[in-house]
Amino acid sequence: MQKRVDFLVVGSGIAGLSYALEVAAYGKVCIVTKSTADDTATRYAQGGIATVMYTPDSYEKHIRDTLIAGDDLCNEAIVRMTVMESSDRIKQLISMGVNFDKTPAGLFDLSKEGGHSEYRVLHHKDQTGAEIEKVLLEHIRIHPNITVLENHFTIDVITQHHLGEYVDRKTDDIQCFGAYVLDKSTNDIITILAKSTMIATGGAGNAYSVTTNPGIATGDGIAMVYRAKGTVENMEFIQFHPTSLFNANEKPAFLITEALRGSGAVLKDRKGNTFMEKYDDRKSLAPRDIVARAIDNELKLSGEDFLFLDARHLGKEILLSHFPGVYAKCLSIGIDITKEMIPVAPAAHYLCGGVKVDEFGKTSILNLYASGECASTGMHGANRLASNSLLESLVFSHRSALDTLSKFEKIEFVEGIPDWNAEGTVLNEEMVLITQTLKELQSIMTSYVGIVRSNLRLKRAADRLNIIFDETEELFDKSVLTEKICELRNLINVSWMIIRWAQQRTESRGLHYNIDCLRTTRKKLFFDS
Ligand code: SIN
């Protein structure tokens, strides 16, 4: 079956929805999402959205904090542009009905997170992402030009390769014509042709055994762009959130928002002693890479599985009014955070690299955009500053929409794209081939490509990954496609990139810490005095 739309959007988090709403005034939009529309990483974002609101904060301070966290690998021009344009994007969100918390005096109630020198994080209690997702979806649902295909899995983007032309990574005019999409309810594969395609599929936390990401975060967009010979970068920079709730085998791991530390909660060991002062002057509020590494080291020294976050001294009123989600979740497993410390451990949380895009969200493939966690814009460098991702999505989806609208009328639909070729495939009746391989993959990535790496660990990971890569490609080629085999293949593709990029980096920097590589001294930045 073939379908034509002006704008195809893959993914239904903040990046995909905000892009869709902007282009929808000019043509038909189809949003494809592999689960229900609200099953996205956006919904899980607790802490909030960083933006400069009041003095003494300033754009320069926000830019500086972002560059410091990014450990010299941010693109300063992109950081500057994103920070300065974020105010307009956030005003737009507020005008659409997003409700950020205010103080009794009517000012926005700003919180603080690791690496921020000022209070600048707008939030809706500890459920900011859920509030944004809800409001955007309300607008999407009533828009006459937008169709949402839920439970549809995007397999691959379509390029001239599907017309029989040879393309490789050196081809400079690869074009995107749309995507092949699996309807999960019928198993039909639909060809969706589009003038422009936006990839907004989120991250790949499920490459690891413990992640704060929802199950949908399987690196689909990055893997499909890479297979289409698009450019991907910075894949070695995996951010581990220092404080996920330690609750063995819970998936996803429940996030204990960094805003809790911003409000004064302190990391402690089992005996109730603080330890962060051994690692950084900013203690529990140092940037995430430093805090996660410190916790990893403490756990390796003690042999334990978790440490504690002590929020008791904040008092019941603050905890219940500002952190009702954290309070309720902990209580549901028997921990009263007003009286007991919270057991925490790091969890894979955010992929700083991804599909390389320019300042308009354009990938290296014509008519293909990327925004959100799957994109690498230059904003995060080697380590993302907390709460900088929702604003990055808004700014880049807006800029992508502007670029799309400036050219889409001149783009013709391509003729002659064949339907997906499923010849010779059979139903795979052994799910264990997929589930066991996924467990192996997660175990390899967690043991060898985690917070602290070494050359030997990376080599072990690469050798083992090669085996499951070959086995899974063989299985993929002969199987009737299902979401699960496609997700596994995508996670393997993305993990291969993470390992390869990690092996190529010969320094320890930001989130990539290799005990065999010296830490590169940060160059003196313009603001160091
Ligand atoms: C948090 O609330 O700690 C997460 C915020 C983020 O990852 O930006």
Side-chain angles (χ1 to χ4, degrees), residues 1-34 37 40 88-89 92-93 95-96 133 135-150 152-160 162-163 173-181 183 190-201 221 224-225 228 230 355 357-363 365-372 374-375 393-417:
M1 189 184 24
Q2 217 174 74
K3 201 173 151 61
R4 287 177 181 216
V5 290
D6 294 307
F7 314 109
L8 172 62
V9 179
V10 186
S12 56
I14 185 171
L17 300 184
S18 59
Y19 173 85
L21 285 169
E22 287 209 39
V23 293
Y26 302 89
K28 295 282 177 206
V29 183
C30 176
I31 300 176
V32 175
T33 183
K34 66 179 176 176
T40 71
D88 282 348
R89 301 283 65 79
Q92 197 177 358
L93 267 192
S95 72
M96 290 171 84
E133 182 76 18
V135 171
L136 289 176
L137 274 176
E138 281 164 8
H139 287 265
I140 292 280
R141 298 275 189 219
I142 56 171
H143 203 296
N145 269 356
I146 301 179
T147 309
V148 183
L149 293 181
E150 295 184 306
H152 281 66
F153 184 91
T154 303
I155 303 165
D156 264 322
V157 291
I158 300 170
T159 67
Q160 56 267 53
H162 297 95
L163 290 169
D173 64 347
I174 306 177
Q175 281 185 64
C176 177
F177 304 125
Y180 289 115
V181 174
D183 177 345
I190 314 167
T191 307
I192 303 187
L193 298 180
K195 294 183 176 175
S196 99
T197 301
M198 161 60 83
I199 300 289
T201 48
M224 69 180 98
V225 173
V355 178
V357 295
D358 71 3
E359 70 273 28
F360 285 100
K362 286 185 283 174
T363 70
I365 297 179
L366 296 171
N367 305 328
L368 183 68
Y369 299 83
S371 179
C374 66
S393 299
L394 287 176
V395 168
F396 278 84
S397 290
H398 171 69
R399 291 183 141 259
S400 301
L402 293 181
D403 194 77
T404 307
L405 295 174
S406 72
K407 56 180 69 144
F408 88 98
E409 272 168 335
K410 294 190 204 97
I411 301 171
E412 306 277 331
F413 286 107
V414 70
E415 300 297 334
I417 296 290

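Because the structure is a prediction, the values reported are computed rather than measured.
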K.L.:
Considering all heavy atoms of both residues, which atom of Ile365 and which atom of Cys176 are nearest to each other, and what is their separation?
P.N.:
CG2-N, 3.7 Å
K.L.:
Between Gln160 and Asp173, is the side chain to side chain contact (heavy atoms under 4.5 Å, CB included) condition met? List the steps.
P.N.:
CA-CA 10 Å; Gln160 56 267 53; Asp173 64 347; 4.0 Å; yes
K.L.:
Without placing hydrogens or testing angles, list every side-chain donor-acceptor pair under 3.5 Å for residues 5-21, not counting sequence neighbours.
P.N.:
{"unit_1": "Asp6", "atom_1": "OD2", "unit_2": "Lys28", "atom_2": "N", "d": "2.8"}
{"unit_1": "Ser12", "atom_1": "OG", "unit_2": "Thr33", "atom_2": "OG1", "d": "3.0"}
{"unit_1": "Ser12", "atom_1": "OG", "unit_2": "Ala37", "atom_2": "O", "d": "2.7"}
{"unit_1": "Ser18", "atom_1": "OG", "unit_2": "Ile14", "atom_2": "O", "d": "2.7"}
{"unit_1": "Ser18", "atom_1": "OG", "unit_2": "Ala15", "atom_2": "O", "d": "3.4"}
{"unit_1": "Tyr19", "atom_1": "OH", "unit_2": "Ser196", "atom_2": "OG", "d": "3.1"}
{"unit_1": "Tyr19", "atom_1": "OH", "unit_2": "Thr404", "atom_2": "OG1", "d": "2.8"}

K.L.:
So, for Asn145 and Gly27, which heavy atoms are closest and what is the spacing to 0.1 Å?
P.N.:
ND2-O, 3.3 Å
K.L.:
So, the side chain of Thr159 versus the backbone of Gln175: is there a donor-acceptor pair under 3.5 Å, distance only?
P.N.:
no
K.L.:
Check Asp403 with Arg399, please: is the shortest side-chain N to carboxylate O separation under 4.0 Å?
P.N.:
no
K.L.:
Would you please name every residue forming a ring-ring contact (aromatic ring centres under 6.0 Å, His included) with His398, sequence neighbours left out?
P.N.:
none
K.L.:
Give me the atom names and distance for the closest heavy-atom approach of Arg89 to Leu394.
P.N.:
CD-O, 3.5 Å
K.L.:
What distance separates Met198 CE from Glu22 CD, expressed to the nearest 0.5 Å?
P.N.:
10.0 Å
K.L.:
Using every non-hydrogen atom in the two residues, find where Ile192 and Cys30 come nearest and quote the distance to one decimal.
P.N.:
CD1-SG, 4.3 Å
K.L.:
Within the structure provided, determine whether Thr191 and Tyr180 are in side-chain contact (heavy-atom separation under 4.5 Å).
P.N.:
yes
K.L.:
Is the distance from the ring center of Phe177 to that of His162 below 6.0 Å?
P.N.:
no
K.L.:
If I take atom NZ from residue Lys34 and atom CD from residue Glu150, how far apart are they, to the nearest 0.5 angstrom?
P.N.:
14.5 Å
K.L.:
Indicate the atoms forming the closest heavy-atom contact of Ala228 with Val157, along with that distance.
P.N.:
CB-CG2, 3.6 Å
K.L.:
Roughly how far, to the nearest 0.5 Å, is the CD1 atom of Ile411 from the CG atom of Leu366?
P.N.:
9.0 Å
K.L.:
Donor-acceptor check, side chain of Ser371 to backbone of Phe396, threshold 3.5 angstrom: yes or no?
P.N.:
no
K.L.:
Above 12 or not: heavy atoms from other molecules or residues under 6.0 Å from CZ of Phe408?
P.N.:
yes
K.L.:
Kindly compute the distance separating CG (Leu136) from CE (Met96), expressed to the nearest 0.5 Å.
P.N.:
5.0 Å
K.L.:
Look up atom NE2 in His143 and atom CD in Glu138, then write down how far apart they are to the nearest 0.5 Å.
P.N.:
15.0 Å
K.L.:
Can you tell whether the side chains of Glu415 and Arg4 come within less than 4.0 Å, N to carboxylate O?
P.N.:
yes
K.L.:
Please examine the side chains of Val414 and Leu163, heavy atoms only from C-beta on, and report whether any two atoms are closer than 4.5 Å.
P.N.:
yes
K.L.:
For the residue pair His152 and Ile190, establish whether any side-chain heavy-atom pair is separated by less than 4.5 Å.
P.N.:
yes
K.L.:
Test Val357 against Tyr369 for side chain to side chain contact (heavy atoms under 4.5 Å, CB included), laying out the working first.
P.N.:
CA-CA 7 Å; Val357 295; Tyr369 299 83; over 6 Å; no
K.L.:
CD1 of Ile199 to OG1 of Thr154: how many Å apart, nearest 0.5 Å?
P.N.:
7.0 Å
